Structures are given as C-alpha cells and as structure tokens.
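One structure below.
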There are 2 protein chains.
Amino acid sequence: MFCLSYLVSCLKRNSMHSFTEENYLKAIYKLEEKTGGRVNNTDLAKALAIHSATVTDMLKKMSERKWILYEKSKGFKLTGKGRKSAVGIIRRHRLWEVFLVSKLEFGWDEVHEIAEQLEHVQSEDLINRLDSFLGYPKADPHGDPIPDENGEFMKSEAVLLSKLKAGSKARFAGITDHSTAFLSYLDKIGLALGDTIKIGSIEEFDQSYILQLKSKKEIIVSSRVTNGILVVINY
Amino acid sequence: MFCLSYLVSCLKRNSMHSFTEENYLKAIYKLEEKTGGRVNNTDLAKALAIHSATVTDMLKKMSERKWILYEKSKGFKLTGKGRKSAVGIIRRHRLWEVFLVSKLEFGWDEVHEIAEQLEHVQSEDLINRLDSFLGYPKADPHGDPIPDENGEFMKSEAVLLSKLKAGSKARFAGITDHSTAFLSYLDKIGLALGDTIKIGSIEEFDQSYILQLKSKKEIIVSSRVTNGILVVINY
DNA sequence: CATAATTTTTAGATATATCTAAAAATTATG
DNA sequence: CATAATTTTTAGATATATCTAAAAATTATG
Ligand SMILES: [Mn+2]
Ligand SMILES: [Mn+2]
Ligand SMILES: [Mn+2]
Ligand SMILES: [Mn+2]
C-alpha cells in the first residue's frame, strides 16, 4: 500500500497531471496564444471561472514543479516542459473532436464538451493509434491545427474574413468564435469549413458583407460573422 | 458563481457521479455478481485497494443517496438506481474495449486500463453513437456481455472448460481470469475467443487437458488454464 | 458462553481544489 | 505624487477522498 501510493504520487509529480492541472495548462496556453505574451492571474481566473485566490495557490504549485515561470506581479508563462504538456492536451482534444465528427457523425457544434472530457484520458499509445485511425488529420472540425506526435504543428496563414475586399475569393479555413451559437448559425446559413467564399460587396453603413456561396446562393452577414471567420486567400 | 456551483452540485447529486463513486458502484456490482448476494466492507475495500475506514464513510454517503441498501453489519447491496448506474458504467467500459480492439487494433490484453479511464466519460449520446458505430456488439473482446441502452444483457450459458469431458467439442466464449498474464499466454498458445476447441483427453494425474485447436495443433494446458476459460458446448 | 479473531466504525489527520473576506501590493489617474 | 482602482496575496473555511490508530461491534471457536 505504501509502495503503491508512493509510486502513484511519483508518477503524478513527474509525468502526469490531474484534470485540474491539465485544465490550467491548457487555459494558460490559450491565453498566451491570445495575448502573445505573459498571462496574469485575473485573466486565468476568468478563463477557468474560478477565483483569483485559488489561482494564486495553483500558480505557486505549478511554479514549484517548473511548469510555469512565475514572476510576482509580472505575470507568468509556460516553461518548455509546461508548453509540451499543454500542446499534448490540445492534440488529444482536437483528435477526439475529429473522431466524434468524422466517425460518430456528431455536428461540429456538439463535440467540444465531450472532447473536454476525452482529452484527459492518459495514454500516448491510445492517442497515436487514434491519430493513425483518423488518417493523421491536420486540422480539427473547427479548422484548428492538430499538433503531431512531437508537438509540432503548422502556423495558420488564415486571416479574418472581415479583412478582405469586395471581389476577392477565399477558402473558409477556421473560426475565431467557437461558440455553439455561432457554429449552429453557420450551419443554418449553409456555410461549412472548406467552402469557397466570394465577397460580392461590402455595405459601407455597417460593414455587412454580401457573400456568394459555392451553391451560388448569396447571403448577407454582419460584421460579427465576418470577424468570427478565418479564411485563406486563393491566389 | 453561486448559481453555477449550485447547479453543478445539483447535477452531481441527481444524475452524475464522481469517478470515485463510479468505481465504488462498479466494484460493488462485480462483487454482488461474484458472491451472488450481499457485499461486505472488507471485500469492497480489498477490491478497491483502499482501507475499510474509507469505505465506511463512502457507504454512508451512497446509502443516503439511495444507491445502496445498507444494513449495519448485514452487508449491503445496490438499489435499482445504483444497479442501473453500475450497468451503465460496465456498458461504457466494454464498448470502449471493443473500440480499442476492433478499430485501434490493440491486443485484448492491452485495453482494460485505458477503458478504465474512458468509461468515466459522461455522455449518453456518445456511448449510443459508439455502440452504433461498432455495430451493436453483444460482447467485449473478453467475451463479456455488453448491456444495451436499457441495461439489458444476455445471461451467458458458458461453462468452465474444466467441466467438460474428453471427446467433447465447444466454442471458446469467455474467460474468468482477466489478467494480462493469462490473456498473453492464450495469445502465445494460439487460443482466441470464438475458436472451436476439442478435448482430446484429460490427464487423471493433474487434470491437465490435451486440446485440439482449430489449426489441428494439439496442446496441453494445466487446470489453471481450463479453469480460466469459459466455453459454450456445441450440441 | 467466555475468549479470540475478524469486521466495522470512530476520531483525528492529510492532500487537493475550491471558496469568501480582507489585507497588501501594484498600477492608473487627476 | 497622492488617491483611487485594480490586481494579487493571505488567512481561514469547506468539500471530497483518502489515511492511521484505536475502539466498538460482531462472529467464530474451544
Ligand atoms: Mn473544442
Ligand atoms: Mn475544436
Ligand atoms: Mn476490462
Ligand atoms: Mn473486458
């Protein structure tokens, strides 16, 4: 009994993380991505929907374990070790999302919460076999890149649809708004990842766009929509 | 914040269980199956590799929540509600094992630990879609029956191979020893679930069996093996 | 049935992850 | 730069799930 718990606690300390720890790592990674730099306590607390005091304690622990660099009042950032873990979690999340959509026929607006659970299953072998089973997908159902076994992934060249000029053509490559409401809305208006979009014209008044879909149908979308969509320009 | 935690705690109390609670439910179910009746504290503690004092506390909680009937010093058993939950967990475990073996090409001796994690993912929709994706399998890779959506499953008619007489023929339908060592051993000697086995003769001295495999190869197995194998007799 | 053995419970402690309220530290602003 | 606003930390509490040591209860045995 002593031996077992000792072993388990060792494993935990070195290579594994609790669900909670994994959620912190992932949240920090995403905040770093968004802000491009260091992250602060308040933002992380908001992202995790917990209180600052709780975050303070966990940051101390994560700092001791060398998952983050933490300079009091200067914000913090992931170490190499921390980043590697975070990328692994994102890899798992996105591969499971591909599985759910491509094999179990879930809608792209239905998979996130389930993937939030599946991403915590610990087995490298499992995830590499899943990757192979899915045909080594490069992106998840939302167009987000999937890190490979070594944690490498393509930096996207996509830009916001709202940056394009009238007359240009582009491929729908990703989203910045991952909300279920937005995804369902896109389903409703018939816009799917990979589609070619042509910009008919842009209304000066409110920056709404008239888009020509691959079905030749024309639709008007608000700037909220063009700011939620990432596209790759066809040269 | 107050609202959210209240909601979460309500959900927890009514329809969901923590990992720990799920592991207790499953362990109790399996012990009931094995002993055929009520379960006691000590046996459950052993099955979960925890201490009796811990079990006492948890049984109180499970009793309050009406998952078990608990009569002090008379042992306890699952209520209908508790049994339903336990069967649901077993359904998830076994479906994931099928997935791991039939889709990800894991060996039958490699899947249990991963399924122990996957079984805790909470989504009825997920598990029903997985069931459909796998073609509604009736048994897992170890021959154990998979409960359907309503928790119904076939009671097996299999008997121990060690009960058969020389000359009889039977189909390898399940195992009573689920250890990795046993599963790997069966792989090594070339005995797989579903195979037809013919009993050549039985050695009086130590009850070892000479088996004729479908490959016509003959092997000798000890009584430890014939007691680990379940077969269905071909009439 | 008295004693021994086994099983279960109680009492008090620990680890993790959270909270609230208040204090302290830092940053922004007139 | 003094004050206000914001951010972070401290202190103390709670819930869950575990432990150890000892007491209490139950069951088995001569
Ligand atoms: Mn997601
Ligand atoms: Mn995604
Ligand atoms: Mn199993
Ligand atoms: Mn199994």
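All values derive from a computational prediction rather than experimental measurement. Naming: A, B, ... by sequence-line order, numbering from 1 per chain.
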Checking A:Asp140, A:Asp131, A:Asp148, A:Asp144 against A:Arg91 for salt bridge (Lys or Arg N to Asp or Glu O under 4.0 Å), the one that qualifies is A:Asp131

Looking at residues 24-42 of chain A, who's got a heavy atom less than 4.0 Å off DNA chain D?
A:Asn40, A:Asn41, A:Thr42

Ignoring backbone atoms, test whether A:Lys60 places a side-chain nitrogen or oxygen under 4.0 Å from the OP1 or OP2 oxygen of C:dA17.
no

Would one find a side-chain N or O of B:Thr54 under 4.0 angstrom from OP1 or OP2 of D:dC19?
yes

Send over the distance from B:Met62 CE to D:dA17 P, rounded to a whole Å.
10 Å

Whole Å only: how far is the CG atom of A:Asn23 from the P atom of C:dT18?
9 Å

Will you find, in the side chains of B:Asn41 and B:Thr56, an N or O donor that is under 3.5 Å from an N or O acceptor?
yes

Among C:dA11, D:dT8, C:dT18, which nucleotide has an atom closest to any side-chain atom of A:Thr20?
C:dT18

Does A:His93 have its ring centroid less than 6.0 Å away from the ring centroid of A:His112?
yes

Starting at atom CG of B:Asp43, determine the distance to atom P of C:dT7, rounded to an integer number of angstrom.
8 Å

Between D:dT16 (C1') and B:His17 (NE2): distance, integer Å
16 Å

Checking side-chain polar atoms at under 3.5 Å, does B:Thr180 have a donor or acceptor matched by the opposite partner on B:Asp109?
no

For D:dG30, give its Watson-Crick or G-U wobble partner with both distances under 3.5 Å, or none.
C:dC1

Let's see if you can work this out: which of C:dC19, D:dC19, D:dT8 has an atom nearest to the side-chain heavy atoms of B:Ile50?
D:dC19

Write down the distance between CD (A:Glu21) and P (C:dT18), rounded to a whole number of angstrom.
10 Å

Scanning both residues in full, the closest heavy-atom pair of B:Ser222 with B:Ser208 reads CA-CB, 4.3 Å

Could you tell me how far apart B:Asp57 (CG) and C:dA13 (P) are, to the nearest whole angstrom?
15 Å

It should be established whether A:Ser18 places a side-chain nitrogen or oxygen under 4.0 Å from OP1 or OP2 of nucleotide C:dT16.
no

For D:dT20, does either OP1 or OP2 sit under 4.0 Å from a side-chain N or O belonging to B:His51?
yes

Pair A:Phe99 + B:Phe99: ring centers closer than 6.0 Å:
yes

Expressed in angstrom and rounded to an integer, what is the separation of B:Met58 atom CE from C:dT8 atom P?
17 Å

Once you round it to whole Å, what is the distance between P of C:dT10 and CG of B:Leu59?
12 Å

For C:dT14, give its Watson-Crick or G-U wobble partner with both distances under 3.5 Å, or none.
D:dA17

A:Thr79 side chain to A:Trp67 backbone, donor-acceptor under 3.5 Å:
yes

Looking only at C:dT8, D:dT9, D:dA17, the nucleotide nearest the B:Thr56 side chain is C:dT8

So with a 6.0 Å cut-off around CD of A:Glu203, is the heavy-atom count from everything else above 12?
yes

Below the 4.0 Å mark, does D:dA17 have OP1 or OP2 next to a side-chain nitrogen or oxygen of B:Lys61?
yes

Considering Watson-Crick and G-U wobble pairs with both distances under 3.5 Å, what does D:dA24 pair with?
C:dT7

